[in-house]
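Ligands are counted one by one from 1 in listed order, and the atoms in each one are counted from 1 as well. Small disclaimer: the values here were computed from a predicted structure and weren't measured. By convention here, the first residue in the shown sequence is residue 1.
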Amino acid sequence: MEFDWHQLTPYHLLATALVGLMAAWFVKHLMRLPKNLPPGPTGLPLLGVVSKFFGTSDPLALLSEWADMYGEITSFNIGTQLVVLLNAYEVVAEAFRHPDLQDRPRCRIKEEVSGCGRNAGLLIGVGQSWKEQRKFTLSVFRSLGVGKKSYEDTVAAEMTQLGRAIKEKKGSPFDPNILLGQAVANVICTIIFGTQYTYSDTEFQQLLSLLNFSMRRSGVGGWLFFIPIPGISKVPFGVIKTMASNAKEFYAFIDGHIETHKKNGVPDVPRDFIDQYLIKLKEMKGTKSSFSHHSLKSVIADLFFAGMETTTTTLKWFILYMMAYPEVQSRVQAELDHVVGRERLPGLSDGKNLPYTCAVIMEVQRKGAVVAMGVPHLASVDVTIRGYTIPKGTIIYPNIWKVMNSKNFWDDSDAFKPERFLSEDGKLTNRQELIYFSTGRRICPGEQLARMETFLGFTSLLHRFTFKKPDNSPPLSLDANLGGTRSSLPYMTCAIPRESTENLLD
Ligand code: HEM
């Protein structure tokens, strides 16, 4: 049959030209890739391995399988984006120390909704601006005593408020998610706004629901935040639309607090993060720096966003594991009673005398792996790690879950075994593979605060209550939901008050 050129329409020509261009781009793209990329699964042209994720209900298990097949460092394409996954402690430590692997992929949705632009704040900031904001934030934390003895009273007071609210449940079943979230958010509110809310405050309730939604629905490793499409925040339907409108409300909430601080004036002794930032803004006026109203707004959002759901989820795993392992719960309580007694609440200084309790905390962190895929880094130039090239523009994920759960590093890795963190003579032993807060130059700046909240939250709750699965409730599940954090499935608990601590809550 002869081809009739006259039947060709302009649409045919356009379609042919487009296919040709795409093919040319794809070949050029392949030719530009270095030969010594880390090994990994191959995918479809232009789509990469995306389809493999659609076919699985457990993306972590799939990534773990690839780690077992290809080794400590793997690479694959998501669409046309090259992604590298780091699956062993040594390789995460080496990569995250490297000065050229410290950028972040762009977070268009935040840039657009906040109006703060490409490089404001801490969580997605890059270069000099990120360094300045991070250094400043850590210095404010230090000056407020965050993570130190001097801040203990603030956190302990919040945990007492939490204990009271739990006591009001009178041992009947409740979902701990809301109460734990309130306690954790309130600690951050105290640092940033100098305000400690009551749990029934409507403004506070609204803040919690805005934050919870985005974190839970942001996809594995929060990938929805990193969709590299300009105008993404304008999508008029679905989860993106809700995330964008929540974020808008959230930024308006922050703006309100900044304006109130400005209106009232900064006192001689700054009370909180906003006061200290406003002083810094005054100092830096007229100089070229990253300090601005936008950056302030952006850093505050980052602290809430990075600090709230992570810590709440951690505390939720604690209660769930204690219900699932009542013998471990009893042993922690026995150690607390022995070291702390029944006349006072546990404090930070008790930690050194509570090796079993601390081992339980570490084991729940390992099994919970709340930030299972870390927060993605970006290569700012071509870098060589372990003999493999990581080209400029590659997104790098630390496979924190794998590092903390691999059979290669952990004996009987699936088992819940706090004793793995104890030496034969019962002393606490640290393991470098427990990279709960990541590692390297971008390691979580809230680590000290989170450790403090976790320790005081866990010990004070177990000192006062025994957590039990409600009668006739479904069997407990230790499975996880994977969103921005790896969180437990919703569950109910009964908190049974323990004897002779009643007076400590009044
Ligand atoms: C148990 C609770 C927490 C866990 C498991 C956790 C974990 C992490 C991880 C894995 C990262 C990524 C580090 C990297 O890029 O390599 C991170 C970053 C961050 N975290 Fe946390 N975090 C927790 C609590 C907090 C708290 C309480 C705050 C502050 C109030 C906070 C603020 C941040 C910020 C601002 C970043 C970004 C740092 C940067 O990009 O330089 N986190 N966190």
Side-chain angles (χ1 to χ4, degrees), residues 86 92-93 95-98 101-105 107 110 119-127 129-138 140-141 144 146-147 151 154-155 158 180-181 183-193 211 215 221-222 225-226 272-273 295 298-318 361-362 364-378 395-401 403-404 434-458 484-487:
L86 311 171
V92 179
F96 281 11
R97 262 198 314 266
H98 199 293
L101 297 180
Q102 304 303 330
D103 280 2
R104 294 265 195 235
C107 179
K110 179 182 172 187
N119 194 16
L122 191 43
L123 194 57
I124 55 159
V126 298
S129 165
W130 162 65
K131 281 187 192 150
E132 282 178 4
Q133 297 304 316
R134 185 175 165 106
K135 192 169 161 207
F136 177 76
T137 302
L138 285 169
V140 176
F141 278 12
L144 293 172
V146 171
Y151 206 71
T154 309
V155 178
E158 192 51 55
L180 295 175
V184 170
N186 233 354
V187 172
I188 304 179
C189 285
T190 318
I191 295 171
I192 293 172
F193 306 134
L211 282 163
M215 232 9 208
F225 294 121
F226 297 104
D272 51 38
F273 189 88
S295 272
S298 200
V299 173
I300 293 176
D302 292 344
L303 294 175
F304 271 106
F305 197 69
M308 204 193 114
E309 179 74 8
T310 45
T311 315
T312 308
T313 304
T314 303
L315 290 171
K316 263 165 48 189
W317 278 120
F318 279 126
I361 291 177
M362 286 154 97
V364 176
Q365 289 177 336
R366 185 184 78 82
K367 294 287 291 171
V370 162
V371 192
M373 297 300 299
V375 181
H377 288 217
L378 188 89
I395 290 180
I396 304 134
Y397 276 100
N399 194 343
I400 290 182
W401 184 85
V403 174
M404 300 202 300
L434 194 73
I435 50 169
Y436 199 60
F437 296 95
S438 187
T439 179
R441 294 173 184 225
R442 278 198 104 128
I443 189 171
C444 174
E447 176 179 355
Q448 296 312 321
L449 175 62
R451 284 192 188 282
M452 189 172 195
E453 288 182 274
T454 307
F455 178 81
L456 291 176
F458 179 59
T485 58
R486 182 178 180 277
S487 67

Got the closest protein heavy atom to atom 30 (C) of ligand 1, with its distance?
Leu303 O, 3.7 Å
Going by heavy atoms in the side chains, are Ile188 and Phe273 under 4.5 Å from each other?
no
What do we get for Arg134 next to ligand 1 when only non-hydrogen atoms under 4.0 Å count, side chain, backbone, both or neither?
side chain
Going by the angle between their ring planes, with limits at 30° and 60°, are Phe96 and His377 parallel, tilted or perpendicular?
parallel
Residues in side chain to side chain contact (heavy atoms under 4.5 Å, CB included) contact with Val371, at least two apart in sequence or another chain:
Thr310
In this structure, atom 1 (C) of ligand 1 is nearest to the protein heavy atom Thr314 OG1, 3.3 Å
Measuring only between side-chain heavy atoms, which start at C-beta, is Met373 closer than 4.5 Å to Trp401?
no
Check whether any side-chain heavy atom of Val370 lies under 4.5 Å from a side-chain heavy atom of Tyr436, and answer yes or no.
yes
Under 4.0 Å from one or more heavy atoms of Trp130, ligand 1 contributes atoms 39 (C), 40 (O), 41 (O)
Cation-pi check for Trp130 against Arg442: NZ or CZ below 6.0 Å from the six-membered ring centre and within 45 degrees of the axis, yes or no?
yes
Ile361 and Phe458: CA distance, side-chain angles, deciding distance, side-chain contact (heavy atoms from CB on, under 4.5 Å) verdict
CA-CA 8 Å; Ile361 291 177; Phe458 179 59; 3.5 Å; yes
Going through the distances and angles, do Ile191 and Asp272 end up as a side-chain contact (heavy atoms from CB on, under 4.5 Å)?
CA-CA 6 Å; Ile191 295 171; Asp272 51 38; over 6 Å; no
Nearest-contact summary for atom 37 (C) of ligand 1 - protein heavy atom, Å
Leu123 CD1, 3.3 Å
So, at under 2.8 Å, which protein N, O or S atoms would a careful student list around atom 21 (Fe) of ligand 1?
Cys444 SG
Test side-chain contact (heavy atoms from CB on, under 4.5 Å) applied to Thr154 and Val187, step by step:
CA-CA 8 Å; Thr154 309; Val187 172; 5.8 Å; no
How far does OG1 of Thr312 sit from CE of Met308, to the nearest 0.5 angstrom?
4.5 Å
So that I can tick it off, tell me whether Asp302 and Arg134 are bridged by a salt bridge, with the cut-off set at under 4.0 angstrom between side-chain N and carboxylate O.
no
Return the residue, atom name and 0.1 Å-rounded distance of the protein heavy atom closest to atom 13 (C) of ligand 1.
Arg442 O, 3.2 Å
Tell me which part of Phe96 gets within contact of ligand 1: side chain, backbone, both or neither, using heavy atoms under 4.0 Å.
side chain
If you scan protein heavy atoms around atom 12 (C) of ligand 1, the nearest is Val375 CG2, 3.5 Å
Leu122 neighbourhood, listing ligand 1 atoms whose heavy-atom distance to it stays under 4.0 Å
35 (C), 39 (C), 40 (O)
Is Val370 touching ligand 1 with its side chain, its backbone, both, or neither, if touching means heavy atoms under 4.0 Å apart?
neither
Ring centroid separation for Phe304 and Phe193, is it under 6.0 angstrom?
yes
Would you check whether Arg104 reaches within less than 4.0 Å of ligand 1, judged by its heavy atoms?
yes
Below the 3.5 angstrom mark, is there an N/O of Thr454, backbone or side chain, next to an N/O of ligand 1?
no
